[in-house]
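Please read the structure below before turning to the comments.
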Amino acid sequence: MGLKNWLTGKAAKDSVSLLSAHYADIARWRDIYNGGGSWRYTRKGGLNGGTRRMASLGAAKAVCGELARLCFAEGSSISSADKSTEEFIKRVFRENRFYERFPAFLQSVFALGGGMVKVYWDNGVKLDLVEADSFIPTKWDNIGISGAAFCSKLTHDGKSYRLAEAQELSGDELVTENRLYSENGVSVKLTDVLPELCERSAIKGLSKPLFVYIGTGHSASSECSLLGASVFAGAEDTLKSIDVVFDSLEREFVLGKKRIIVPYYAVRGEYDENGDIKRYFDVNDEVFQAMSVSDTEELKITDNTAELRVEEHTKALSMLLDMLCMQVGLSEGTLSYKDGTIKTAAEVVSRSSKTYRTGAYYRAMVSEALAQVMQNICVLGKMGGLLSDSASEKASVMLADGAAEDDGTRIERAVMLYNAGIISKARAISQIYGISIEEARSMERSDNDE
């Protein structure tokens, strides 16, 4: 049995065609995210025809990057009532370089509609970030996915292999199956390459799988509502229009290069290796030559350069980028490349804008998923003897977003709330200066003493 047949064979028979259609969508979204798209090739000019690759602004990747920065940034913190649990989770995250890898993974989640964080044991607790096109759900219900088949690459003795793994809950056991395939999908004996792995194993005492699915919250289709859709799934026409305008802007500079019309008498000719004459105008030729012409106008060198339509293109790009922002849940001007009616992106967020609400929605979703991941880390840590049995398995994460609040807006809001009697003077001072409430009260007392 080949790799593809084994993976799809793990899924329910009535869902194979549905999943195939969904993974075809994922392939299209990945192509667009990587700068592709069905519109990226257009016909060349000239008699020979052919196609050329259009220039791309990369708006799909910019959107996913912006959403990822809103959800997760440097400064996110883990907390637990049990300090040993908190330190253990932090150590696992640090050893697995989670904070460096997760932002890029989160971008792929927004681009492809979802992804999985898998916890496994390999001489310690390890984390694997699995993108949407590298797993197949095999068992699910309205609560979530309880079974999945994964595919990962590995290299051994200079040869490339594919490791297929399936996890599924069966009663109070987590059953894991492993298969190994060559690069071209031919089955390989598992023990020849990975002797430490068994083809089938079971872990008792688990009530949920050791993977957590993170989705965008957008349904790919009504029949496959559990799997998410790309955040730009409904904006592909807009992405096409952006690339068309951007390509036109680039062509404007290519086709709008300076063009000088010179008299035929000023053009020289030389024969190439094939005996064909090649004509050119020597701009460095300063030798005076006598020419017999009846009309002196024929001797003039004329600049026939066309005017570049840069402003029209930039206005069209700005409008289309605002349209894209609206479609993916961002505020107007979030992806703007120049100053407009909105001062800064920070001010947009701090004014409880659409961008802020979208970021808050995704942060809550990611935070909940990471809480489940941390619980799986603790469960596996206890089983491996790295964490005491009495330690708590509960922990939470405070996600820092990538948008700093605008200072002017924060001060304005604090003053407004204080004048309205909603917050105390000490609370207003705390928000304005970014200090604790105790320090603000001390500052207030010292001001009153003076």
Side-chain angles (χ1 to χ4, degrees), residues 7 22-23 26-27 29-30 33-34 60-61 64-74 76-78 88-138 144-155 160-167 174 176 178 208-217 226-231 362-381 395 397 399-400 402:
L7 289 172
H22 176 67
Y23 284 94
I26 290 179
W29 296 331
R30 180 178 284 283
Y33 175 72
N34 289 331
K61 181 166 286 189
C64 297
E66 186 69 22
L67 290 173
R69 283 188 293 273
L70 285 173
C71 293
F72 190 86
E74 186 177 355
S76 300
S77 58
I78 298 169
F88 177 68
I89 295 173
K90 287 180 178 179
R91 185 170 72 252
V92 170
F93 276 12
R94 185 170 57 253
E95 291 174 351
N96 286 270
R97 297 178 55 249
F98 181 79
Y99 291 108
E100 292 85 355
R101 298 163 56 205
F102 191 68
F105 169 73
L106 203 53
Q107 286 191 42
S108 76
V109 168
F110 289 121
L112 308 182
M116 279 189 174
V117 181
K118 184 177 64 169
V119 182
Y120 66 100
W121 180 269
D122 184 10
N123 295 322
V125 180
K126 305 296 182 182
L127 299 176
D128 192 10
L129 306 179
V130 186
E131 296 186 348
D133 52 359
S134 296
F135 73 87
I136 295 177
T138 59
I145 299 174
S146 57
F150 307 90
C151 182
S152 57
K153 295 181 181 180
L154 62 94
T155 303
S160 297
Y161 299 92
R162 302 269 185 169
L163 177 63
E165 174 191 350
Q167 287 187 19
L174 178 66
T176 302
N178 295 296
K208 61 179 183 177
L210 292 174
F211 57 78
V212 177
Y213 177 73
I214 303 177
T216 59
L226 189 64
L227 297 174
S230 171
V231 293
Y362 284 130
R363 278 196 301 275
M365 181 181 66
V366 173
S367 179
E368 182 180 354
L370 290 182
Q372 297 178 43
V373 171
M374 292 186 291
Q375 187 175 10
N376 288 341
I377 290 174
C378 293
V379 169
L380 210 55
V397 59
L399 296 178

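Because the structure is a prediction, the values reported are computed rather than measured. Along the sequence shown, the residues carry numbers beginning at 1.
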What distance do [X] atom [atom1] and [Y] atom [atom2] have between them, rounded to the nearest 0.5 Å?
X: Leu370; Y: Ile214; atom1: CG; atom2: CD1; value: 5.5 Å
X: Arg101; Y: Leu106; atom1: CZ; atom2: CG; value: 13.5 Å
X: Asp133; Y: Cys151; atom1: CG; atom2: SG; value: 10.0 Å
X: Leu163; Y: Lys153; atom1: CG; atom2: NZ; value: 13.5 Å
X: Ser134; Y: Lys118; atom1: OG; atom2: NZ; value: 10.0 Å
X: Arg363; Y: Glu368; atom1: CZ; atom2: CD; value: 15.0 Å

Taking Arg30 for the side chain and Leu112 for the main chain, is one N or O donor matched with an acceptor at less than 3.5 Å?
no

Closer than 3.5 angstrom, by distance alone: can the side chain of Ser367 be matched with the main-chain N or O of Val397 as a donor-acceptor pair?
yes

Decide yes or no for [X] and [Y]: does some side-chain heavy atom of the first lie under 4.5 Å from some side-chain heavy atom of the second?
X: Leu210; Y: Trp121; result: no
X: Tyr213; Y: Leu227; result: yes
X: Cys71; Y: Phe110; result: yes
X: Leu127; Y: Phe102; result: no
X: Leu70; Y: Tyr362; result: no
X: Asn96; Y: Lys126; result: yes
X: Tyr120; Y: Thr176; result: no
X: Val119; Y: Val212; result: no

Closest approach of [X] to [Y] (non-hydrogen atoms, all atoms of both residues):
X: Pro209; Y: Ile145; result: CG-O, 3.9 Å
X: Pro103; Y: Ala68; result: O-CB, 4.0 Å
X: Gly228; Y: His22; result: O-CE1, 3.4 Å
X: Gly114; Y: Ala132; result: O-CB, 3.3 Å
X: Ala371; Y: Ala395; result: CB-O, 3.9 Å
X: Lys90; Y: Ile78; result: CE-O, 3.7 Å

Which word best sums up how the rings of Tyr99 and Phe72 line up, parallel for under 30°, tilted for 30 to 60°, or perpendicular for over 60°?
parallel

Using the six-membered ring wherever Trp is involved, compare the ring planes of Phe93 and Phe98 and label them parallel, tilted or perpendicular (cut-offs 30° and 60°).
parallel

Donor-acceptor side-chain pairing of Lys208 and Gln375 below 3.5 angstrom
yes

Going through the checks in order, is the side-chain contact (heavy atoms from CB on, under 4.5 Å) test met by Thr216 and Ser230?
CA-CA 7 Å; Thr216 59; Ser230 171; over 6 Å; no

Looking at the rings of Phe211 and Phe135, which for Trp means the six-membered one, are their centres under 6.0 Å apart?
no

